[in-house]
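Data block below; observations after.
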Amino acid sequence: MNAARLNYRILRIRLLAWFDESHRDLPWRRSHDFYPVWLSEIMLQQTRVEAVIPYYERFLALFPDIATLAGAPEHDVLALWSGLGYYSRARNLHRAAKRIAEEGLPATYEAVLALPGVGVYTAAAIASISFNQPYAALDGNVNRVLSRLTNGSADIQGSAQALLHPRRPGDFNQAMMELGALVCVPKIPRCEQCPLEKNCGARLAGTERELPVRVKKTPARRLALDLVRFVIDERIFLVRRSEEERRLAGFWELPERHLFPRLRGTLEGAFTHQIVNDRFEVSVWKAPPPAALPEGRWFDRDELGAIPLTTMARKALAVQS
C-alpha cells in the first residue's frame with residue numbers, strides 16, 4: 001500500500017472516530033430519510049445552523065411529509081420561511097415537492113441534481129447521506145479543511161473524492177463539514193482540538209492561518225432607506241411586492257417614505273441590513289396615515305405571523321417605541 005493510500009486510511013479512521021464520539025445532535029441527523037435530509041440541506045444553503053434549527057422544526061411540524069408540502073399553497077410555504085432569507089429556496093423546494101409527489105422519490109445523485117434548487121454540492125450531500133452513494137460534498141467548510149490538509153497543493157475536488165470513505169460516505173461528508181464548522185475554522189483554526197492535526201500539511205508547515213487563500217471581497221455598497229410605519233388601533237399598513245419581481249414576489253413590507261413627500265413623522269429607530277453586497281442603512285419612521293395610500297392592506301398584529309414578510313420588514317416592525 002502506497003503512502004498516499006495509507007494516509008487516506010488514517011485520515012478516515014481518525015476523522016470518523018472523532019465524529020462518532022463528538023458530533024452535534026442536530027435534528028436532521030436523527031433520520032437518513034430523503035425528506036428531512038433534503039429539507040435541511042436546502043435550508044442550510046448560505047445559512048447558519050443556529051438560524052436554521054427553529055425554522056426546520058416548525059417546517060416539519062406543519063409539513064411533515066412531501067405530500068403535505070406539495071399540496072400546500074405557496075403563500076403558506078413562504079410565510080413559514082419568512083425571515084430565513086434567500087426565498088427562491090422556498091419556491092424551488094415547493095416546486096420540487098410537487099414534482100416528487102407526481103413522479104416519486106428520487107433514488108440517485110442524478111435524480112436529486114435534477115430537482116429545482118439543487119446544485120452539485122447539495123445533490124452530493126443528499127445522495128451520500130440518504131442513499132449511501134459515494135459522492136463527496138464540497139462546501140466552504142470542506143474546502144477549507146482540504147486546503148489545509150494538503151497545504152494548498154492539491155486539486156480539492158479530486159482530493160475530496162479520493163478521501164471519501166467508500167462505505168460511510170454520508171457520515172464522512174458530515175464529519176468533514178463538522179470539522180470545518182467547529183475546529184478547522186477560518187482565520188484561527190483550533191488545531192489543538194483537531195483529530196487530524198498530526199496529518200495536516202498546513203499545520204506541519206506552519207501555514208494553517210494562511211490557507212485557504214482568500215479572494216479579496218468587493219466592498220459592500222451602502223444604501224440609505226427610509227421606511228414608514230402607519231398604525232391605526234394597533235393595525236399596521238403593509239404593501240406587497242409585485243408578482244413580477246423575481247426574488248421577493250408576493251412578500252409584504254413597510255412602504256418607503258419617499259412615496260409620501262409631505263409626510264411628517266417621528267423617527268423611531270434605525271438598523272442595518274445586508275443583502276448580498278448591498279448594505280442598507282434603514283431608518284424607520286412612525287406617522288399617521290395620509291388620506292391617499294398606495295395599494296396595500298391593513299393587518300392586525302396577530303395576522304403578521306401567517307403572511308410572508310421580508311426579513312427587513314420583520315426588523316423594521318421590531319423597531320418601535
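Note that the structure is predicted; figures quoted are calculated from it, not measured. We use all heavy atoms of the structure for the numbers below, so side chains are in, but hydrogens, waters and symmetry mates are not.
- Judged by distance alone, the side chains of Thr47 and Arg89 do bring a donor and an acceptor atom under 3.5 Å apart.
- Contact between Asn151 and Ala202 at its shortest, heavy atoms only, is OD1-CA, 3.5 Å.
- Cluster partners of Tyr86, using a side-chain heavy-atom cutoff of under 4.5 Å among ILVMFWY residues and allowing indirect links: none.
- Listed by chain and residue number, Arg301 satisfy the salt bridge (Lys or Arg N to Asp or Glu O under 4.0 Å) test with Glu234 (two or more places apart in sequence, or in another chain).
- Ring centroids of Trp252 and Phe299 are separated by less than 6.0 Å, placing the two rings close together.
- Trp81 has its ring centre no less than 6.0 Å from the ring centre of Tyr55.
- For Leu84 against Thr311, the heavy-atom pair with the smallest separation is N-OG1, 4.5 Å.
- Applying the ring pair (Phe, Tyr, Trp, His ring centres under 6.0 Å) test to residues at least two apart or on different chains, the pairs with a partner in residues 135-167 are Tyr109-Tyr135.
- Atom-to-atom distance recorded for Leu164:CG and Gln133:CD is 11.5 Å, nearest 0.5 angstrom.
- Atom CD of Glu243 has more than 12 neighbouring heavy atoms from other residues, nucleotides or ligands inside a 6.0 Å radius.
- Surrounding CZ of Arg30 are more than 12 heavy atoms belonging to other residues, nucleotides or ligands, all under 6.0 Å away.
- Donor-acceptor pairing under 3.5 Å is lacking for the side chains of Ser130 and Tyr35.
- For the residue pair Asn277 and Thr218, no side-chain donor N or O sits within less than 3.5 Å of a side-chain acceptor on the partner.
- Salt bridge Arg314/Glu253: absent, no basic N to carboxylate O contact under 4.0 Å.
- No option in Asp20, Asn173, Asn132 other than Asp20 meets the side-chain hydrogen bond (donor to acceptor under 3.5 Å, both in side chains) test with Arg168.
- Counting only residues at least two apart or on different chains, no ring pair (Phe, Tyr, Trp, His ring centres under 6.0 Å) pair has a member in residues 171-201.
- When hydrophobic side chains of Ile, Leu, Val, Met, Phe, Trp and Tyr are connected at separations under 4.5 Å, Val213 ends up clustered with Leu211.
- A single hydrophobic cluster is not seen to contain both Leu44 and Phe19; linkage of ILVMFWY side chains at heavy-atom distances under 4.5 Å, directly or through other members, places them apart.
- Looking at Thr122 and Gln45, their side chains do bring a donor and an acceptor atom within 3.5 Å of each other.
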Verdict with reasoning, Arg190 to Glu197, per salt bridge (charged side-chain N to carboxylate O under 4.0 Å, His left out): CA-CA 10 Å; Arg190 301 169 184 138; Glu197 180 183 11; over 6 Å; no
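- Ring centers of Phe63 and Phe59: under 6.0 Å apart, within the cut-off.
- Within 6.0 Å of CZ on Arg209 lie no more than 12 heavy atoms contributed by other residues, nucleotides or ligands.
- Nearest heavy-atom pair, Arg264 versus Pro288, reported as atom, atom and distance to 0.1 Å: O-CD, 4.3 Å.
- Of the charged side-chain nitrogens involved, none lies within less than 4.0 Å of a carboxylate oxygen, so that Arg148 and Glu208 do not count as a salt-bridged pair.
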Less than 3.5 Å apart, which donor and acceptor atoms pair up between the side chains of residues 90-98 and the rest of the protein, not counting sequence neighbours?
unit_1, atom_1, unit_2, atom_2, d
Arg91, NH1, Arg247, O, 3.2
Arg91, NH2, Ala249, O, 2.1
Asn92, OD1, Arg95, NH1, 2.8
Asn92, ND2, Ser88, O, 3.3
His94, NE2, Leu69, O, 3.3
His94, NE2, Ala72, O, 2.7
Lys98, NZ, Ala70, O, 3.1

